[in-house]
Asks: 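Take this structure, written in structure tokens, and hold onto it; I'll ask about it next.
A quick note: this is a predicted structure, and the numbers were derived from the prediction, not measured. The chains referred to below are lettered A, B, ... by the order of the sequence lines, with proteins before strands, and numbering in each begins at 1.
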Number of protein chains: 2
Amino acid sequence: MKVSDQANGTNQQNDCTATPLGRAIHLLGDSWVLLIIMNLLRGSMRFNTLRATLNHISSKTLSNRLKLLEELGFVQRKAFLEIPPRVEYHITEKGQELGDVIAALEKFGNKHLSNLPAPSNNDCQLSTEKPPCDQDTL
Amino acid sequence: MKVSDQANGTNQQNDCTATPLGRAIHLLGDSWVLLIIMNLLRGSMRFNTLRATLNHISSKTLSNRLKLLEELGFVQRKAFLEIPPRVEYHITEKGQELGDVIAALEKFGNKHLSNLPAPSNNDCQLSTEKPPCDQDTL
DNA sequence: CAGGATCCGATCGGATACTG
DNA sequence: CAGTATCCGATCGGATCCTG
């Protein structure tokens, strides 16, 4: 059960998109979305920068998620008509509030997922230090 | 990118399991886990009851998630040696704190995912009313 | 009733190549 | 650089059957 490539909600299965919480779960029940939001929360980024930060994401996947987030109004795409082209993605007001969720996640992780045996690999850019997102809005 | 069937963390790809937040994202980046926790937060449930509540989950998937959550210590499995067998799953102290995440999710959903055009289907049992989980701990 | 085993289709996501 | 299109393998998850 993942977020579909397009932001169509016509999934017949089990997305529970009937209620806000269901939709939230459906949306945030996707690691990439979480990761993208997390990084964008710390500042606007260009496509490839973002892609480099999320180490192993393919351009396809990143593109999909970004498109989805844009449609939902959580991320704003700003394209500069230059050569070479430059596109910057940044969080919208709405998207900012996902910081609360991330914060809750982080707090939980720090409390209960810290001292588990780390499984050997270290992939994505997940800085432990607090990003300057407004967590005081909690 | 989903939570693997077993709770092994030996995923070589991109799970970002190095940092607590990464692990949290990895764990909560799964709709079923979120849904299960959500329902268990409202009270202990038996296997099939839980399964009925999460309308379309297969016993396999539910079993996997439950096992994972148990290994991580967020859910406690209590089996009664009766015939027919009865097994109750209930949230642990640790698991309780996932309520914060759920709460954040719900708050966000209510605020930003409420008035979107609902896509026709209504599957899972996602009650809109607040569960009695401690959201004031935020 | 709780759940393990298996089969198998659906989907996702990575790699690559290509375009403006 | 910022994607899109395509191919295709890996994985997940549903259905079914079976057991204690």
Side-chain angles (χ1 to χ4, degrees), chain A residues 1-8 10-16 26 29-33 35-36 44-71 75-90 123-124, chain B residues 1-8 10-16 26-27 29-33 35-36 40 44-71 75-90 123-124:
Chain A
M1 186 154 69
K2 304 193 179 185
V3 55
S4 44
D5 276 2
Q6 310 306 329
N8 66 7
T10 50
N11 196 337
Q12 224 64 2
Q13 275 90 271
N14 50 10
D15 31 34
C16 319
H26 187 61
D30 180 281
S31 306
W32 287 131
V33 169
L35 258 359
I36 292 171
S44 303
M45 294 179 89
R46 301 175 58 174
F47 187 84
N48 276 333
T49 314
L50 192 51
R51 192 160 166 235
T53 306
L54 308 165
N55 246 342
H56 296 294
I57 198 173
S58 66
S59 63
K60 177 185 177 182
T61 304
L62 180 55
S63 179
N64 285 339
R65 296 300 190 283
L66 249 16
K67 214 175 298 176
L68 169 67
L69 287 170
E70 196 194 353
E71 286 181 39
V75 162
Q76 166 102 20
R77 192 189 117 111
K78 195 163 280 180
F80 299 81
L81 296 177
E82 314 172 350
I83 307 263
R86 173 162 47 123
V87 179
E88 276 180 4
Y89 291 90
H90 48 89
D123 276 335
C124 300
Chain B
M1 186 156 64
K2 305 195 179 185
V3 55
S4 44
D5 276 4
Q6 309 307 329
N8 67 10
T10 50
N11 193 336
Q12 225 63 4
Q13 273 91 270
N14 50 10
D15 34 32
C16 318
H26 187 59
L27 173 65
D30 179 281
S31 307
W32 287 131
V33 169
L35 259 359
I36 292 171
L40 250 29
S44 304
M45 295 179 88
R46 300 174 60 174
F47 188 84
N48 276 333
T49 314
L50 193 51
R51 188 155 169 238
T53 307
L54 307 166
N55 246 341
H56 295 293
I57 198 173
S58 65
S59 65
K60 176 184 176 181
T61 304
L62 179 55
S63 178
N64 286 337
R65 296 300 189 282
L66 249 16
K67 214 175 298 174
L68 170 66
L69 287 170
E70 196 194 353
E71 286 181 38
V75 163
Q76 166 103 19
R77 192 189 117 111
K78 194 162 282 180
F80 299 80
L81 296 178
E82 313 172 352
I83 306 267
R86 173 161 49 121
V87 179
E88 275 180 5
Y89 291 90
H90 48 90
D123 277 335
C124 300

Asks: Take the protein atom CD1 of B/Ile57 and the nucleotide atom P of D/dA15, then report the distance between them rounded to whole Å.
Replies: 12 Å
Asks: Over how many whole Å does the gap from A/Phe80 atom CZ to D/dA2 atom C1' extend?
Replies: 13 Å
Asks: Do B/Lys78 and B/Tyr89 touch side chain to side chain, with heavy atoms closer than 4.5 Å?
Replies: no
Asks: Rounded to the nearest 0.5 Å, what separation is found between the CZ atom of B/Arg65 and the CG atom of B/Leu69?
Replies: 9.0 Å
Asks: Looking at every strand, decide which applies to B/Arg51 at a 4.0 Å heavy-atom threshold: base, sugar-phosphate, or nothing.
Replies: nothing
Asks: Give a yes or no on whether the backbone of A/Met45 and the side-chain of A/Thr49 come within a donor-acceptor separation of less than 3.5 Å.
Replies: no
Asks: Could you run down nucleotides 3-9 of chain D 5' to 3' and tag each one B, S or - for protein heavy-atom contact under 4.0 Å?
Replies: SB-BB--
Asks: So if I apply the side-chain contact (heavy atoms from CB on, under 4.5 Å) rule between A/Ile36 and each of A/Thr53, A/Leu68, A/Leu66, which one comes out positive?
Replies: A/Leu66
Asks: Could I get the full list of side-chain hydrogen bond (donor to acceptor under 3.5 Å, both in side chains) partners for B/Thr61, not counting sequence neighbours?
Replies: B/Ser58
Asks: Atom CG of A/Asp30 and atom P of D/dT11: how far apart are they, to the nearest Å?
Replies: 18 Å
Asks: So how far is it from A/Asp30 CG to B/Ser31 OG, rounded to the nearest 0.5 Å?
Replies: 8.0 Å
Asks: Without decimals, in angstroms, what is the distance between A/Leu50 CG and D/dC1 P?
Replies: 15 Å
Asks: Taking side chain as C-beta onward, heavy atoms only, is B/Gln76 less than 4.5 Å from B/Glu70?
Replies: no
Asks: Counting side-chain heavy atoms from CB outward, which of C/dG13, C/dC1, D/dG13 is closest to B/Asn48?
Replies: C/dC1
Asks: Atom CG of B/Leu81 and atom C1' of C/dA2: how far apart are they, to the nearest Å?
Replies: 13 Å
Asks: Contact between A/Trp32 and A/Ile57 at the side-chain level, heavy atoms closer than 4.5 Å - yes or no?
Replies: yes
Asks: What is the distance, rounded to the nearest whole Å, between atom CG of B/Asn55 and atom C1' of D/dA15?
Replies: 16 Å
Asks: Please tabulate the protein-to-nucleotide N/O contacts below 3.5 Å involving nucleotides 18-20 of chain D, giving atom names and distances.
Replies:
none

Asks: Does C/dG14 have OP1 or OP2 under 4.0 Å away from a side-chain N or O of A/Thr61?
Replies: yes
Asks: Check the distance between C/dG4's C1' and B/Glu70's CD and give it to me in whole angstrom.
Replies: 15 Å
Asks: Tell me the interatomic distance from B/Ile83, atom CD1, to C/dA2, atom P, rounded to whole angstroms.
Replies: 13 Å
Asks: Are the side chains of B/Asn48 and B/Arg51 in contact, using a 4.5 Å heavy-atom criterion?
Replies: yes
